[in-house]
S.K.: 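Sharing a structure with you now.
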Amino acid sequence: MAQITFITPSGEEVTVTAQSGSVMQAAVTNMVEGIDGDCGGVCSCATCHVHVDPAWLDKVGAAGDIEKEMLELEDGSSDHSRLSCQIEVSDELDGLVLRVVKN
């Protein structure tokens, strides 16, 4: 189980509790502003683009090749970018902080 804090495009901090699945699923279930997940989590739309807080980059890990290709097409992409559909919830991510990128 992990508590994950999303900082929305409007600056609101929303903390959700997730037990399994992807971070995107937790955000969609809790109606986090800016996380749409239009493709259902198959890494093909980037409507779940987030910036990982620098303190969490090592624990979250690097994007895979397909995810990197998708992020290259996105405005606002940075070295901290990830698609939240590709981040699996785990106990190690308890306290994770993500900034939702405005679509």
Side-chain angles (χ1 to χ4, degrees):
M1 181 170 19
Q3 288 206 343
I4 302 164
T5 299
F6 295 89
I7 302 171
T8 68
S10 64
E12 178 184 8
E13 290 188 16
V14 178
T15 301
V16 304
T17 301
Q19 294 196 12
S20 62
S22 74
V23 169
M24 181 215 65
Q25 290 169 321
V28 170
T29 298
N30 290 280
M31 297 182 288
V32 173
E33 173 196 349
I35 301 287
D36 297 328
D38 289 343
C39 73
V42 296
C43 196
S44 67
C45 72
T47 60
C48 65
H49 184 191
V50 295
H51 288 163
V52 178
D53 183 277
W56 288 92
L57 286 171
D58 288 339
K59 287 188 180 182
V60 169
D65 291 339
I66 294 171
E67 183 180 356
K68 285 179 187 175
E69 289 176 15
M70 183 61 61
L71 287 167
E72 286 175 5
L73 303 172
E74 277 300 294
D75 291 334
S77 187
S78 76
D79 291 341
H80 300 154
S81 288
R82 288 295 308 270
L83 298 180
S84 60
C85 67
Q86 300 302 298
I87 304 171
E88 287 297 314
V89 172
S90 68
D91 292 344
E92 290 78 31
L93 296 184
D94 187 38
L96 176 64
V97 177
L98 302 169
R99 182 170 298 277
V100 179
V101 178
K102 188 173 184 175
N103 292 325

S.K.: Would you say Val50 and Val28 are hydrophobically clustered, going by side-chain heavy atoms of ILVMFWY under 4.5 Å?
M.R.: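 Same cluster: Val50 reaches Val28 through Ile, Leu, Val, Met, Phe, Trp or Tyr contacts under 4.5 Å.
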
S.K.: What heavy-atom pair brings Ala2 and Val89 nearest, and what distance separates the two atoms?
M.R.: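 Here Ala2 and Val89 meet closest at CB-CG1, 4.2 Å.
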
S.K.: Does Gly61 offer a backbone N or O that forms a donor-acceptor pair with the side chain of Arg82 under 3.5 Å?
M.R.: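 The answer is yes, because a donor-acceptor pair under 3.5 Å joins these two groups.
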
S.K.: Considering only heavy atoms from C-beta outward, does the side chain of Leu98 approach that of Asp53 to under 4.5 Å?
M.R.: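 Counting from C-beta outward, Leu98 and Asp53 never come under 4.5 Å.
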
S.K.: Less than 4.5 Å apart, any side-chain heavy atom of Asn30 and any of Val14?
M.R.: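 Sidechains of Val14 and Asn30: no contact.
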
S.K.: Atom CD in Gln3, atom OG1 in Thr17: separation rounded to 0.5 Å?
M.R.: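 Here the rounded value is 4.0 Å.
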
S.K.: Rounded to the nearest 0.5 Å, how far does OG1 of Thr29 lie from CD1 of Ile35?
M.R.: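 Taking CD1 in Ile35 and OG1 in Thr29, the distance rounds to 12.0 Å.
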
S.K.: Testing the basics here: between Ala27 and Phe6, what is the closest heavy-atom pair and its distance to 0.1 Å?
M.R.: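 Answer, listing the atom of Ala27 first, then Phe6: CB-CZ, 3.6 Å.
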
S.K.: Within a reach of under 6.0 Å around CG of Leu57, are more than 12 heavy atoms found that belong to other residues, nucleotides or ligands?
M.R.: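 Yes, the 6.0 Å shell around CG holds more than 12 heavy atoms from other groups.
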
S.K.: Are the side chains of Val101 and Glu74 in touch, meaning some heavy atoms are under 4.5 Å apart?
M.R.: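 They are not in side-chain contact.
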
S.K.: Mind checking the CD-OG spacing from Gln86 to Ser22? Nearest 0.5 Å is all I need.
M.R.: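 Reported to 0.5 Å precision, the distance equals 8.0 Å.
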
S.K.: Are Ile87 and Met70 connected in a single hydrophobic cluster, I mean Ile/Leu/Val/Met/Phe/Trp/Tyr linked by side-chain heavy atoms less than 4.5 Å apart?
M.R.: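 Not linked; separate clusters.
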
S.K.: Does any N or O in the side chain of Ser44 come within less than 3.5 Å of the main-chain N or O of Cys39, such that one atom is a donor and the other an acceptor?
M.R.: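 It does not hold such a pair.
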
S.K.: Using a 3.5 Å distance criterion without hydrogens, assess whether the side chain of Thr47 forms a donor-acceptor pair with backbone atoms of Asp36.
M.R.: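 No: the side chain of Thr47 does not pair with the backbone of Asp36.
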
S.K.: What's the spacing between His51 NE2 and Ile7 CD1 if we round to 0.5 Å?
M.R.: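 One gets 12.0 Å once the value is rounded to the nearest 0.5 Å.
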
S.K.: Between Glu12 and Ser10, does any side-chain donor sit less than 3.5 Å from a side-chain acceptor?
M.R.: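 Result is no, nothing qualifies.
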
S.K.: Distance from Cys43 atom SG to Met24 atom CE, nearest 0.5 Å?
M.R.: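 Going from SG on Cys43 over to CE on Met24, the span is 11.0 Å.
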
S.K.: So, for Leu71 and Ser81, which heavy atoms are closest and what is the spacing to 0.1 Å?
M.R.: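 Minimum heavy-atom separation between Leu71 and Ser81: CD1-O, 3.7 Å.
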
S.K.: Tell me, do Glu72 and Ser77 make a side-chain contact under 4.5 Å, heavy atoms counted?
M.R.: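 No, every pair of side-chain atoms sits at 4.5 Å or beyond.
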
S.K.: Can you tell me how far NE2 of His49 sits from NZ of Lys102, rounded to the nearest 0.5 angstrom?
M.R.: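 If we round to the nearest 0.5 Å, Lys102:NZ and His49:NE2 are 14.5 Å apart.
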
S.K.: In terms of hydrophobic clustering (I, L, V, M, F, W, Y; side-chain heavy atoms under 4.5 Å; direct or indirect links), are Val23 and Leu83 co-clustered?
M.R.: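 The answer is no; the residues belong to distinct hydrophobic clusters.
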
S.K.: Hey, are the side chains of Leu93 and Lys59 touching, using non-hydrogen atoms and a 4.5 Å cut-off?
M.R.: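 Touching, per the 4.5 Å side-chain cut-off.
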
S.K.: Spell out, yes or no, whether Val60 and Val32 are grouped together once hydrophobic residues are joined by side-chain heavy atoms under 4.5 Å, including indirect joins.
M.R.: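 Yes, because Val60 and Val32 connect within a single hydrophobic cluster, where side-chain heavy atoms sit under 4.5 Å apart.
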
